[in-house]
Amino acid sequence: QVQLEESGGGFVQAGGSLRLSCAASGRAFINYNLAWFRQAPGKEREFVAAIKSGGSSTYYAASVKGRFTISRDNAKNTLYLQMRSLEPEDTAVYYCAGDSGSYVYEQSSFYRYWGQGTQVTVSS
């Protein structure tokens, strides 16, 4: 089992940058596929980015591709999301999620482990 805790959210102006972190505790972090999701008020939770267990493959939602970068440091049991050129539409609570398996999914239902979320607010 893995416990996840996000940090790094905050308030930023449009065009700015933030880096989110997700610290994991528990065993076998290196074996887990990890992802970032976000949920804006009144909207469903949506996929942002994912990274395979070994870190060799990454996946992005079209809305963030080219602006966000997902990465992981398996030695530190930490997942990151570097966000650049932020837009007001990026305002949401951001969650990290993880699960083991051979495939990386964009659907939240495939992830068993979740953090509590961190708020990102982008002003125009």
Side-chain angles (χ1 to χ4, degrees):
Q1 188 169 350
V2 174
Q3 289 83 42
L4 303 172
E5 183 174 3
E6 304 92 341
S7 62
F11 184 92
V12 64
Q13 291 188 332
S17 300
L18 280 176
R19 188 176 82 155
L20 305 183
S21 299
C22 175
S25 60
R27 302 175 63 181
F29 172 84
I30 193 172
N31 294 328
Y32 284 79
N33 301 321
L34 301 169
W36 289 96
F37 288 79
R38 66 187 182 187
Q39 188 166 18
K43 295 187 177 181
E44 294 187 354
R45 191 168 298 189
E46 65 173 357
F47 170 79
V48 175
I51 187 167
K52 204 146 184 350
S53 55
S56 59
S57 299
T58 57
Y59 310 84
Y60 296 93
S63 59
V64 307
K65 198 169 187 177
R67 301 188 298 123
F68 291 11
T69 302
I70 188 171
S71 62
R72 66 192 293 166
D73 186 335
N74 288 334
K76 295 182 178 180
N77 279 14
T78 303
L79 172 72
Y80 302 100
L81 184 69
Q82 178 68 54
M83 305 186 293
R84 298 182 176 89
S85 301
L86 283 161
E87 303 167 353
E89 293 73 23
D90 296 316
T91 295
V93 177
Y94 283 72
Y95 300 89
C96 62
D99 211 326
S100 58
S102 300
Y103 301 102
V104 175
Y105 296 97
E106 296 185 4
Q107 294 81 10
S108 60
S109 58
F110 285 96
Y111 294 86
R112 284 178 290 171
Y113 307 113
W114 291 83
Q116 294 300 308
T118 186
Q119 176 71 46
V120 171
T121 303
V122 184
S123 67
S124 57

Visitor: Hey, is CD on Q107 packed in by over 12 heavy atoms from elsewhere, all under 6.0 Å?
Guide: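 More than 12 heavy atoms, drawn from other residues, nucleotides or ligands, come within 6.0 Å of this atom.
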
Visitor: With rounding to the nearest 0.5 angstrom, report the CG to CD1 distance, N33 to I51.
Guide: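 CD1 of I51 is found 9.5 Å from CG of N33.
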
Visitor: For the residue pair F37 and F47, does the interplanar ring angle fall in the parallel (under 30°), tilted (30 to 60°) or perpendicular (over 60°) class?
Guide: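 Perpendicular: the ring planes of F37 and F47 meet at over 60°.
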
Visitor: When rounded to the nearest 0.5 angstrom, what is the spacing between CZ in F29 and CG in L4?
Guide: 8.0 Å

Visitor: Roughly how far, to the nearest 0.5 Å, is the OH atom of Y111 from the CD atom of E106?
Guide: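 E106 CD to Y111 OH: 8.0 Å, rounded to 0.5 Å.
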
Visitor: Check the hydrophobic clustering (I, L, V, M, F, W, Y; side-chain heavy atoms under 4.5 Å; chains of links allowed) and say if V120 and V48 are grouped together.
Guide: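 Both belong to a single hydrophobic cluster.
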
Visitor: Should Y80 and S21 be marked as a side chain to side chain contact (heavy atoms under 4.5 Å, CB included) after you check the CA-CA gap, both sets of side-chain angles, and the distance that decides it?
Guide: CA-CA 5 Å; Y80 302 100; S21 299; 3.5 Å; yes

Visitor: Do you know which two heavy atoms are closest between A14 and P88, and how far apart they sit?
Guide: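 Result for this residue pair: CB-CD, 4.1 Å.
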
Visitor: Might you point out which heavy atoms bring A40 and A92 nearest each other, and give the distance in Å?
Guide: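 Minimum heavy-atom contact is N-CB, 3.8 Å.
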
Visitor: Could you state whether V64 and V12 fall into the same hydrophobic cluster, counting links through intermediate Ile, Leu, Val, Met, Phe, Trp or Tyr residues with side-chain heavy atoms under 4.5 angstrom apart?
Guide: yes

Visitor: Are Y113 and L79 linked, directly or through other ILVMFWY residues, by side chains that come within less than 4.5 angstrom of each other?
Guide: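 Same cluster.
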
Visitor: Tell me, please, whether Y60 has R67 positioned over its six-membered ring: NZ or CZ under 6.0 Å from the ring centre and within 45 degrees of its axis?
Guide: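 Relative to the ring axis of Y60, which defines the angle, R67 lies outside at least one limit.
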
Visitor: Looking only at the side chains, is there a donor atom on one of R112 and S100 sitting less than 3.5 Å from an acceptor on the other?
Guide: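 Yes, because at least one side-chain N or O of R112 sits under 3.5 Å from a partner of the opposite role on S100.
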
Visitor: Same cluster or not: are V2 and L34 linked, directly or through other Ile, Leu, Val, Met, Phe, Trp or Tyr residues, by side-chain heavy atoms under 4.5 angstrom apart?
Guide: yes

Visitor: How long is the span from the OH atom in Y95 to the CG atom in L20, to the nearest 0.5 Å?
Guide: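 Those atoms lie 13.0 Å apart.
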
Visitor: If you count heavy atoms of other groups shown closer than 6.0 angstrom to CD of E5, is the number above 12?
Guide: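 No.
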
Visitor: Looking at CD of Q39 and CD of E46, how far apart are the two atoms once the value is rounded to the nearest 0.5 Å?
Guide: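 Q39 CD to E46 CD: 9.5 Å, rounded to 0.5 Å.
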
Visitor: Return yes if some donor-acceptor pair links the side-chain N/O of R84 with the main-chain N/O of T69 below 3.5 Å, else return no.
Guide: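 Checking the backbone N and O of T69 against the side chain of R84, no donor-acceptor pair under 3.5 Å is found.
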
Visitor: Please check if the side chain of E6 supplies one atom and the backbone of C96 the other of a donor-acceptor pair under 3.5 Å.
Guide: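 A pair under 3.5 Å: yes.
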
Visitor: Between atom CG of D99 and atom OG of S108, what is the distance when rounded to the nearest 0.5 Å?
Guide: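 The CG atom of D99 sits 12.0 Å away from the OG atom of S108.
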
Visitor: Would a distance-only check, ignoring hydrogens and angles, find a side-chain to backbone donor-acceptor pair under 3.5 Å from T121 to T91?
Guide: no

Visitor: Same hydrophobic cluster for W114 and Y94, using side-chain heavy-atom links shorter than 4.5 Å among ILVMFWY?
Guide: no

Visitor: Measure from the side-chain N and O atoms of K76 to the backbone N and O of A23, and report whether any donor-acceptor pair falls under 3.5 Å.
Guide: no

